[in-house]
Each structure stands twice: as structure tokens, then as C-alpha cells.
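Each remark here refers to the structure printed beneath this line.
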Amino acid sequence: MRETAARPAAAAGSAATIPSAGALSAQPIPAPRDRLDVDRIRADFPILRQRVRGKPLVYLDNAATSQKPQVVIDAVTHYYAAENANIHRGVHFLSEQATRAYDGVREKVARFVNAASSREIIFTKGTTEGINLVAQSYARPRLKPGDDIVITAMEHHSNIVPWQIVCEQTGATLKAVPISDAGELDLDAFERLLTSRTKLIAVVHVSNALGTINPIKNLVALAHARGIPVLVDGAQAVPHLRVDVQDLDCDFFAFSGHKLFAPTGIGVLYGRESLLESMPPYQGGGDMIATVTLHQSTWAPLPAKFEAGTPMIAQVMGLGAALRYLEDLGLERIGEWERELLAYASSRVSSIQGVRLIGTARDKASVLGFVMEGIHPHDIGTILDDEGIAIRAGHHCAQPVMERFGVPATARASFSFYNTFAEIDVLADALLNVKKMFA
Ligand SMILES: Cc1ncc(COP(=O)(O)O)c(C=O)c1O
């Protein structure tokens with residue numbers, strides 16, 4: 001049962017039989033030919049064949065990092081085995097080949113997020129670095145005492161701390177948009193917070209702690225009507241949603257490869273070309289210069305201006321393979337499957353007495369945060385681990401969210417397209433067991 005993608009009897013059949021939880025509505029089930037073949041997909045991920053503590057691994061910690069398909073592992077191995085050379089520097093065959101492949105992935109990323117040009121795609125080591133780059137290179141030179149940066153109360157620490165640092169450096173003030181009990185942004189408060197002193201808005205697309213999908217397009221429109229640029233933390237969005245930066249009209253969009261089935265150590269910062277052009281380099285070093293004398297230097301054109309030093313070449317090859325893999329599966333079909341998983345999991349887990357879901361927004365991605373009365377989330381995580389089930393327990397690098405909901409921590413199951421309904425049954429049964437142990 002747990003090794004197959006089959007839907008449990010209660011949920012098989014028609015859309016109407018998919019349980020819905022709270023504000024989560026069941027989605028129509030696409031015709032079989034359009035659906036993902038999850039059994040076949042699981043075979044692409046070698047780690048999913050593992051047993052953990054004698055049990056088949058049930059990996060439900062995808063919001064922390066995703067697993068890697070064999071094609072990504074092969075792309076990294078192939079680079080080291082057959083193509084390894086530094087890029088942009090050599091005149092020899094291997095270097096030219098690696099340079100072509102590296103630059104080719106940048107084109108692929110630009111298409112993936114529909115950037116107007118690959119000059120707008122900066123390789124970073126992850127979302128965190130992308131946000132820090134914007135804080136230091138865009139915001140810092142523009143901020144003065146009395147100015148504001150606006151974030152929200154559902155941000156990951158990566159989209160809080162860089163702004164606190166830059167506010168400390170410049171005398172600007174950091175303000176946060178409050179969230180409702182369901183974990184949705186208070187849009188009236190958002191508008192009220194925007195003033196002539198607001199110099200930038202930094203907002204998460206999909207909350208890693210709550211699963212909330214924020215209405216980015218609307219937020220950007222409200223911000224741009226006041227001439228305020230918007231950075232989007234897209235770390236949890238790109239694995240689940242099709243992102244079109246031109247349609248969203250955002251000014252910066254940061255994400256991490258490792259949550260997108262690619263290796264660790266690679267990320268992307270999309271930046272509107274006119275803004276990137278206006279910004280000084282973030283770091284100095286090789287590859288980001290046009291000329292250097294002992295007294296001064298001039299900068300390389302975009303995107304090299306923001307990529308000092310030897311970049312993460314092997315990881316970029318892995319990212320390219322991950323994007324190819326995702327495009328083959330189809331993000332729309334991935335989204336459908338994950339919505340069904342989330343609806344089923346929300347229904348099963350919330351029906352356990354004493355469980356409180358943390359994050360019940362109307363529009364959610366596949367993140368299920370919850371607490372169980374009288375049981376610490378770490379105990380839940382440890383007992384589940386004995387069953388081979390990997391979930392996350394803690395504050396999820398979102399301590400202000402925990403404070404908002406009056407809990408020190410939550411347990412979080414987060415789903416990907418390779419997860420199955422059978423795995424959700426294993427999770428729910430294990431949670432019932434946890435409850436019995438603490439009864
Ligand atoms: C919403 C969100 N933003 C930012 C980050 C930071 O990503 P990274 O550690 O890959 O830089 C995470 C990671 O969990 C996240 O979930």
C-alpha cells in the first residue's frame with residue numbers, strides 16, 4: 001500500500017469524494033491521461049527506495065529540501081567526469097564546452113520564469129543570498145533615516161534578517177503586514193502601511209510555515225501604483241506553481257535550486273534589468289569586471305557584474321537537468337496532484353482529535369502545519385521518525401509566525417509530486433499512534 005501512488009478507497013473515484021478540509025476545496029480530477037504516473041516518477045528518485053529504521057522512507061519534508069531525480073545526479077556526475085573546467089576563462093575545448101552549458105542553463109532559467117532577458121538572471125547560492133544581494137546592493141545605497149521597508153508577518157528569517165541589517169546600517173525602519181488567524185495577509189493593513197517613505201516591499205510568495213499563497217500580482221499592482229518596487233521570496237513557490245515574473249510584474253524574485261529538485265548551493269535572483277543596471281556590484285573579484293587597474297575597476301555587463309569568482313558550475317548543470325525534468329512532467333499536472341494530496345492530508349490529519357492546523361488560508365500550497373494538544377512537535381517528529389516518516393518539527397525559521405499563532409513550534413508535513421495518498425495514510429495512522437502513546 002505505502003509503495004504505490006494509488007488513492008485510498010475513500011478518496012478514489014470522483015472529485016466529490018476527495019475530502020476537503022476547512023477552506024480547502026477539492027479540485028476536479030483531470031482525465032487519467034493528463035495525470036502524473038507517480039509510481040513511475042518515484043522510480044526516478046533513488047533515495048525514495050530507501051528503508052529508514054527498517055521501514056520504507058516516507059519523505060514529507062519537501063519544504064526543507066526536495067529529493068533529486070537520477071537525471072540531476074547524473075548531470076552533476078557527468079560534468080565532473082567528462083566536462084570539468086572553469087568557465088568564461090579558458091580557450092580550450094573543455095572550458096568552451098562548460099561555458100556553453102553554463103550559459104545555456106541561464107537561458108533555460110529565463111524561460112522557466114519568463115524573464116524578458118537572461119541578463120536578468122543572476123546565479124546565487126540560494127534564496128538567502130539573493131535577498132541579501134538586493135538588501136545590500138539595491139536598498140542600502142537608497143535608504144536614509146525615516147524611510148521604510150515593508151515585509152509581512154509570515155516571512156522566513158531569510159526575508160527578515162537582511163532587512164533588519166540594512167535598516168540598522170541606514171537608519172530606516174522595518175514594518176510588517178499582519179496576518180489573520182487563517183494565515184492570510186491583511187490587505188487593508190498592507191495598503192495602510194504603504195507611504196511615500198516606503199522604499200521597498202519584500203514579501204513571500206508561498207509561506208513555508210503556513211502554506212499560504214500570497215496574491216503577489218495584486219500586491220505588486222498596489223505597490224507599483226505608489227512607485228514602490230517589490231521583491232518576492234519565491235523559495236516555496238517555484239516547486240509548486242508556474243511563475244511568470246513578467247505577469248507578476250515583480251522587480252526581484254529569489255529562489256533556491258535545492259527546493260526545486262536541483263543540487264544545494266545554487267539559486268537564482270531574477271531582477272528587472274533597469275534596476276540591476278542601476279545597482280553596484282554585491283561582491284568584487286574575478287569575472288565581474290571589465291577592466292582593473294591598481295587604482296580602480298570597471299564592471300562587466302549583466303549578469304556577470306553580480307557573479308564574482310568561480311561560480312557553482314556543477315550545481316548549475318544540475319539545475320538545468322532539474323528544470324528539464326520539471327518541464328517534462330508539467331508544472332500544471334504537478335500542481336493538480338499536490339492539491340489533491342493537500343486536501344486529503346488536511347482532511348485526514350485535522351480529523352484527529354486534538355489536532356489544530358496552523359495555516360488554513362483559502363489559497364494554499366502543499367504545506368501542512370499542525371500542533372497536537374499536549375504533545376510537543378519534537379516528540380511527534382521523533383516518534384514519526386521511528387516509523388520511517390520524515391517531517392519537520394520546530395519554528396521553520398519563521399519565529400514571528402510561531403509567535404503570531406501562540407505556539408513555540410509546529411509539526412509540518414510538506415508534499416511533493418512524488419508523494420502518494422498511501423503515504424498520507426501512513427502519516428495519519430502514525431499520528432493516531434502518537435496520540436495513543438500520550439493518552
Ligand atoms: C520561504 C523561504 N524563504 C527563504 C528560504 C531560504 O532558502 P535557502 O536556505 O535555500 O537560501 C526558505 C528555506 O526554507 C524558505 O522556505
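In this text the structure is predicted, and so the values were computed from the model without any measurement. Ligands are counted one by one from 1 in listed order, and the atoms in each one are counted from 1 as well.
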### Message
Run the side chain to side chain contact (heavy atoms under 4.5 Å, CB included) test against Ser118 and tell me which residues pass, sequence neighbours left out.
### Response
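For Ser118 the side chain to side chain contact (heavy atoms under 4.5 Å, CB included) partners, ignoring immediate neighbours, are Arg106, Glu107, Ala110.
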### Task
Please list, chain by chain and in numerical order, all residues satisfying side chain to side chain contact (heavy atoms under 4.5 Å, CB included) with Lys125, sequence neighbours excluded.
Glu129, Met312
### Query
Nearest heavy-atom pair of Ala398 and Asn208: which atoms, and what distance?
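Where Ala398 meets Asn208 most closely, the heavy atoms are CB-OD1, 4.4 Å.
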Give one line per pair: atom of ligand 1, protein atom, distance. Only N/O to N/O under 3.5 Å.
from     : atom 1 : to     : atom 2 : distance (Å)
ligand 1 : 3 (N)  : Asp233 : OD1    : 3.2
ligand 1 : 3 (N)  : Asp233 : OD2    : 2.5
ligand 1 : 10 (O) : Ser256 : OG     : 2.7
ligand 1 : 10 (O) : His258 : NE2    : 2.8
ligand 1 : 11 (O) : Thr127 : N      : 3.4
ligand 1 : 11 (O) : Thr128 : N      : 2.9
ligand 1 : 11 (O) : Thr128 : OG1    : 2.5
ligand 1 : 14 (O) : His156 : NE2    : 3.3
ligand 1 : 14 (O) : Lys259 : NZ     : 2.6
ligand 1 : 16 (O) : Gln236 : NE2    : 2.7

### Query
Which pairs with one or both residues in residues 105-134 pass ring-ring contact (aromatic ring centres under 6.0 Å, His included), sequence neighbours excluded?
Tyr102-Phe123
### Task
Answer yes if the ring centres of Phe417 and Phe261 are under 6.0 angstrom apart, and no otherwise.
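Phe417 vs Phe261: aromatic centres under 6.0 Å.
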### Task
Test Glu307 against Asp287 for side-chain contact (heavy atoms from CB on, under 4.5 Å), laying out the working first.
CA-CA 7 Å; Glu307 292 182 9; Asp287 238 28; 6.0 Å; no
